[in-house]
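Report on the structure given below.
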Amino acid sequence: MSLHLRIVTPRAIVFDESVEGVQAPGEMGEFGVLPQHIPMITTLKPGKVVIYGKTKRTFMVGTGFAEAGPDRVTLLVETCVEG
Amino acid sequence: MATLRDIRTRIASVKSTKQITNAMKMVSAAKLRRATEAAVSARPWEQTLTATLQRVASGAGEIEHPLLEARPNVHNVLLVVVTTDRGLCGGFNGTLLRQTGAWLKAQEALGHKVAIRAFGKKSREFFKVRGYAVDETRIEVNPAKFQSEVQTLAAVLVGGFTSYDYDECYIAYNQFKNALTQTPTFAKVLPLSIQGSDAPVGAADYIFEPKGAAILETLLPLYLRTLLLQTFLETEAGEQAARMTAMDNATRNATDLIKQLTLDYNRGRQAAITKELIEIVSGAEAL
């Protein structure tokens, strides 16, 4: 079971790959998404997104929101840089 | 009758004009590529955002939010006009501004008071000449400043709308259809309208965090900023496209003109030689 993660900013699609899990800074608190997540839409506050896959990657994101489903997660953020 | 020297000067001047228009065409072509790329790469963002908003709209049932409130009695209207700083791009600004003039008259006829915010030197000149009062003019807005300009503009719109200074906000810009067509467009940006899509997308099963209406608090301003950014990106792309087309035409006209002038010049030169020969021959015959 895999999870497809997309990070989209107004400038580009920053990330578009299958991952094992992702951790994101929700406005109501940090949350994690694994495969088979219940459909959810939540707002994001500026913070750190951690992606767990073959390697662990970290992105700093601005405000935006996340949409999660059983097999995919979309993060729409105004800014995003890896680091 | 133009003398040979006149024609020669003329050819030289047309040639140098052609060089300039040709160079401008090349520059615009390069900038156009970059601008379309920017406009295109903003599209996934916009589509995803719109899709999500629709999902929220159809999932949360009746949604209410200050920014969505359509007011029955409209008195004050805000118009944001987005033009370019520079000319030499065909009818790009002219068409939009002419339609803006007509639009403003139509609004006045309806009894609406229109406040104007202008972007670009071309709209500044237009409103100055026509004697319209403009709230604020922003010039030299280049792609690097789009994000921050959009932030400011969105804040002004939201502030003015929620404090009842404006009942409706419109934005006038050139929609970028493709490199050859840009259509002047008057889009209503506030109140925002979101159509819940008819085709259900399994919206009912979504959980929202924060709950329903509160999520709009974040999503709607984001959506507004996206709309505004889109107009800026399209104006930039349209400007470059329009300039490229205009300069391409100018270069072609110059080429035709040079051809015609060279023909005239050679014809005149031949005539002069012939005339001289006849003079010599008839002079010799007379001896």
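So that the names make sense, note that chain A is the first sequence line, chain B the second, and so on, each numbered from 1.
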Where does B/Leu219 contact chain A at under 4.5 Å (heavy atoms): side chain, backbone, both or neither? side chain
Side chain, backbone, both or neither: which part of A/Thr43 has a heavy atom under 4.5 Å from chain B? both
If you count every heavy atom of other residues, nucleotides or ligands that lies below 6.0 Å from B/Lys145 atom NZ, does the total exceed 12? yes
Using a cut-off of under 4.5 Å on heavy-atom pairs, state which of B/Arg225, B/Gln230, B/Glu46 scores highest against chain A. B/Arg225
Looking at chain A, which one of B/Thr52, B/Leu222, B/Leu233 has the largest number of heavy-atom pairs inside 4.5 Å, strictly under? B/Thr52
If I measure from the heavy atoms of chain A, does B/Gln147 come under 4.5 Å with its side chain, its backbone, both, or neither? side chain
Looking only at heavy atoms, what is the nearest atom pair of A/Val8 and B/Pro44, with distance? CG1-C, 4.1 Å
Those residues of residues 50-67 of chain A, ordered by number, that approach chain B below 4.5 Å (heavy atom to heavy atom): A/Gly64, A/Phe65, A/Glu67
So, the part of A/Thr79 with a heavy atom under 4.5 Å from chain B: the answer is neither
Is B/Leu229 close to chain A through its backbone or its side chain, or both, or neither, when contacts mean heavy atoms under 4.5 Å? side chain
So CG of A/Leu76 and OG1 of B/Thr226: to nearest 0.5 Å the spacing works out to 8.5 Å
Engaged part of B/Gln47 at the chain A interface, taking heavy atoms whose separation is under 4.5 Å: neither
Portion of B/Arg43 that has a non-hydrogen atom of chain A nearer than 4.5 angstrom: neither
Contact leader toward chain B among A/Glu78, A/Arg6, A/Glu27, where contacts are heavy-atom pairs under 4.5 Å: A/Glu78
Side chain, backbone, both or neither: which part of A/Ile41 has a heavy atom under 4.5 Å from chain B? both
Using a cut-off of 6.0 Å, state whether more than 12 heavy atoms not belonging to B/Arg33 lie near its atom CZ. no
